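Quantities reported herein were computed from a predicted structural model and do not represent experimental measurements. One-based numbering along the sequence shown.
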Amino acid sequence: WGFPTLFLTAAAASALGLLAAVLIPEPLRGGTIARRRRWFETFILPESLMPAVSMCFLGISRGSVLAFLSLYALSMGGDPGIWFGVFALTVVAGRPIFGPLSDRKGRPFVIIPCYIIALVGNLVLVLARSPMMLLVSAAIIGFGYGSAHAALMTMAVDLAPRALWGLSMAQYHLFYDLAIGLGGALA
């Protein structure tokens, strides 16, 4: 089907996302937003900085894998598309388990073990010498990464004043997006 079809499909997905966004009703806002005095306060919220910093390190890990996984998989006869598919499925599988658990037991109760799971998955990736081991690493990394990501993001909201939830999310994703790029560059 080729690259033009792939990019057209991506454009169609963006258009569907736009349609979905247009249909979302604006929620009522609570609280007032105090005027930020220093220039960095337009994108840094000290109250929820640590989840963003933590996600930054997880994002560096993710960015370095994203940059070179396809080449690595192909070099050993694997299919990078299947790797990313397994990764995505385990990200989705972990969130319904760890999301409610973080509500009941607390965010650190989920974040710390999920970081360890992601670390183990990355170590499996280091040791992988076959396409099957690559898929095992994808499953482990996805399960840990996806759940740590969700719990850290929730913690960033928990720590922010209600009127600054948007700023907290912007900060969180700023650190994450920069980390993805940095991870690829550092690798």
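- Between the CG atom of Leu186 and the CG atom of Leu182 there is a distance of 4.0 Å, given to the nearest 0.5 Å.
- At least one side-chain heavy atom of Pro51 sits under 4.5 Å from a side-chain heavy atom of Leu159.
- No side-chain donor-acceptor contact under 3.5 Å links Glu47 to the backbone of Ala160.
- Counting only distance, with no hydrogens or angles, the side chain of Ser75 and the backbone of Tyr72 share a donor-acceptor pair below 3.5 Å.
- The list of side-chain hydrogen bond (donor to acceptor under 3.5 Å, both in side chains) pairs with a residue in residues 96-111, not counting sequence neighbours, reads Ser102-Arg107, Asp103-Arg107, Arg107-Asp158.
- Here SG of Cys56 is found 11.5 Å from CG of Leu152. Values are rounded to the nearest 0.5 Å.
- In this structure, the side chain of Ser147 does not engage the main chain of Gly144 through any donor-acceptor pair within 3.5 Å.
- Under the 3.5 Å distance criterion, the side-chain polar atoms of Ser14 are matched with a main-chain donor or acceptor of Ala10.
- Using a 4.5 Å heavy-atom threshold, the side chains of Leu127 and Met133 count as separate.
- Both Leu178 and Phe175 are members of a single hydrophobic cluster when ILVMFWY side chains are connected at heavy-atom separations under 4.5 Å.
- Here the closest heavy-atom approach between residue Gln171 and residue Ser48 is recorded as NE2-O, 3.0 Å.
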> side chain to side chain donor-acceptor pair (under 3.5 Å) between Tyr115 and Ser54: does it pass, once the steps are laid out?
Replying inline: CA-CA 10 Å; Tyr115 253 101; Ser54 182; 2.9 Å; yes
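- At a threshold of 4.5 Å between non-hydrogen side-chain atoms, the residues Ile141 and Val124 do not count as touching.
- Between the CG atom of Leu135 and the CG atom of Asp79 there is a distance of 8.5 Å, given to the nearest 0.5 Å.
- The nearest pair of heavy atoms linking Tyr145 to Arg62 is CZ-CD, 3.4 Å.
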>> Checking Phe98 against His149 for the ring pair (Phe, Tyr, Trp, His ring centres under 6.0 Å) test, could you report, in this order, the C-alpha distance in whole Å, the side-chain angles of both residues, the deciding distance, and whether it holds?
In response: CA-CA 11 Å; Phe98 289 108; His149 184 301; over 10 Å; no
